[in-house]
There are 2 protein chains.
Amino acid sequence: MTRYARLISELINRSDGHMTAEQIFLELKNTEPKVVQATVYNNLNALCRDGLIRRLSVEGSPDRYDKIQKHDHLVCKKCGSLSDISLNDLTDDLERQLGGGIISYDLKVFYLCPKCRDSQ
Amino acid sequence: MTRYARLISELINRSDGHMTAEQIFLELKNTEPKVVQATVYNNLNALCRDGLIRRLSVEGSPDRYDKIQKHDHLVCKKCGSLSDISLNDLTDDLERQLGGGIISYDLKVFYLCPKCRDSQ
DNA sequence: CTTCTATTTTAGAATTATTCTAATTATAAT
DNA sequence: ATTATAATTAGAATAATTCTAAAATAGAAG
């Protein structure tokens, strides 16, 4: 594990998650002024590949990177804002329905966040 | 509903889904040679906004567009290939856990497709 | 059926996110 | 120290999508 990989992984796991590559790059640059975007992308890809972080594809926004620890997401249908939730684990249920072979799953629940609900 | 909006919506609902904007554009061009990419993007955005199709964000691939009719997705962790599955509906369960306010949800189940499983 | 207005479409430039390439630097192994 | 391997850099390149302004079209009102 290289210096930058470690720093990026720590940053993502320490943060409240959901950071874009750009945000990670800017944050990292505060302490590591020489770092460059390609390095951030390289490391994010490697960390995802190795299962140390997870990538979150979000409509209308660049990919986000999140801690690996299992949790689900609540996504505002209107503004796209994200928050973490912990729902009952579905793995066993999915295994039963699909007959095994499941690696993981990604569950996004859409709703209207308080701000968007109020303003409409 | 304009001419192109209708054609695009029909195309997506007729297809087996999971088409990218590019694929839709090329397909549409067969019968409508004057159509242009921006029109396809404009209409896809409008159709998503109005709930007539749904957008599917997939890692490592441009957004895909799918029929609205409820179903879940099986995604190969390795090659990213997509297939439709019909799992038990979670809405009631989610409503119960979250206390209401749910609009919809998106469930992707990751596995290794037969091709990728065999080749590794 | 004309005129007016609003919306859609077009063409192509612009922007954004991400990857690629080749050179350089750092790390680890002998 | 020397070599081999992998990581990082800089910046160009690519891919996906959006924007802009002009032109075309459709629908409403007379």
Side-chain angles (χ1 to χ4, degrees), chain A residues 1-12 15 17-66 75 77-82, chain B residues 1-12 15 17-66 75 77-82:
Chain A
M1 175 95 118
T2 71
R3 168 179 187 69
Y4 288 135
R6 189 167 37 74
L7 289 170
I8 290 171
S9 162
E10 283 171 7
L11 185 53
I12 290 165
S15 82
H18 319 146
M19 296 178 85
T20 63
E22 177 75 4
Q23 289 170 336
I24 292 163
F25 166 65
L26 291 173
E27 185 74 23
L28 187 59
K29 230 177 146 182
N30 289 335
T31 53
E32 303 288 320
K34 325 194 80 172
V35 80
V36 104
Q37 286 186 333
T39 300
V40 172
Y41 279 105
N42 286 343
N43 280 299
L44 288 172
N45 285 336
L47 290 167
C48 285
R49 174 177 31 76
D50 300 345
L52 296 169
I53 59 175
R54 61 169 160 153
R55 194 191 319 262
L56 214 52
S57 301
V58 187
E59 273 190 42
S61 141
D63 282 354
R64 293 170 181 272
Y65 297 89
D66 206 349
V75 186
K77 189 87 181 176
K78 189 118 174 252
C79 72
S81 70
L82 269 179
Chain B
M1 176 95 115
T2 71
R3 170 181 184 66
Y4 288 137
R6 190 170 35 77
L7 289 170
I8 290 170
S9 161
E10 283 170 8
L11 185 52
I12 291 164
S15 82
H18 319 145
M19 296 178 85
T20 63
E22 177 74 4
Q23 290 170 334
I24 292 163
F25 167 65
L26 291 173
E27 186 74 22
L28 187 59
K29 231 178 143 182
N30 289 333
T31 53
E32 301 290 319
K34 325 194 82 173
V35 80
V36 103
Q37 286 185 334
T39 300
V40 173
Y41 279 105
N42 286 344
N43 280 301
L44 288 172
N45 285 336
L47 290 167
C48 285
R49 172 175 33 74
D50 300 344
L52 296 170
I53 58 173
R54 60 169 158 154
R55 194 192 318 265
L56 214 54
S57 301
V58 187
E59 273 191 42
S61 142
D63 282 354
R64 292 167 182 273
Y65 297 88
D66 205 351
V75 186
K77 188 87 182 177
K78 190 120 174 247
C79 72
S81 69
L82 269 177

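Note that the coordinates shown come from a computational prediction; the quantities given were computed from them, not determined experimentally. Chain letters run A, B, ... following the sequence lines, proteins first and then strands; every chain starts at 1. All values below come from the heavy atoms of this structure, side chains included, with hydrogens, waters and symmetry mates left out.
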For the residue pair A:N43 and A:T2, establish whether any side-chain heavy-atom pair is separated by less than 4.5 Å.
yes
Residue B:A38, side-chain atoms from C-beta onward, closest of C:dT18, C:dG12, C:dC20:
C:dG12
Interatomic distance where CZ belongs to A:F25 and P belongs to D:dG11 [whole Å]:
12 Å
Per nearest nucleotide of DNA chain D, the residue lying toward the 5' end, B:N45 or B:K34, is B:N45
Check the distance between D:dA15's P and B:R64's CZ and give it to me in whole angstrom.
15 Å
Euclidean distance, atom CG of residue A:L44 to atom C1' of D:dT8 [Å, nearest integer]
14 Å
Of C:dT10, D:dT17, C:dT18, the nucleotide closest to the side chain of A:A21 is C:dT18
Considering heavy-atom distances to DNA chain D, does B:E22 or A:Y4 have its closest nucleotide positioned more toward the 5' end?
A:Y4
Counting side-chain heavy atoms from CB outward, which of D:dT9, C:dT9, C:dT18 is closest to B:N42?
C:dT9
Atom-pair distance (CE on B:M19; P on D:dA16), nearest Å:
15 Å
With a cut-off of less than 4.0 Å, is there a side-chain N or O of B:Y41 near OP1 or OP2 of D:dT18?
no
Residue met sooner reading DNA chain C from 5', once B:T2 and B:G60 are mapped to nucleotides
B:T2
Base, sugar-phosphate alone, or nothing: which one does B:Q37 contact when heavy atoms must sit under 4.0 Å apart?
base
Taking the side chain as everything from C-beta on, heavy atoms only, tell me whether A:L56 gets closer than 4.5 Å to A:L82.
yes
Could you tell me the separation between the CG atom of B:D50 and the C1' atom of C:dT8, rounded to a whole number of Å?
14 Å
Could you give the CE-to-P distance, from B:M1 to C:dT8, as a whole number of Å?
12 Å
Could you tell me which residues satisfy salt bridge (charged side-chain N to carboxylate O under 4.0 Å, His left out) with B:E59, sequence neighbours excluded, listed by chain and number?
A:R55
Are A:I12 and A:L44 close enough that some pair of their side-chain heavy atoms sits under 4.5 Å apart?
yes
Could you check whether any side-chain heavy atom of B:R64 comes within less than 4.5 Å of a side-chain heavy atom of B:Q23, counting everything from C-beta outward?
yes
Measure CD1/A:I24 against P/C:dA17 and give the value in whole Å, please.
13 Å
Measure the distance from CD1 on A:I8 to C1' on D:dA7 and round it to the nearest whole Å.
12 Å
Applying a 4.0 Å non-hydrogen cut-off, can you work out what A:T39 is touching in the nucleic acid: base, sugar-phosphate, or nothing?
base
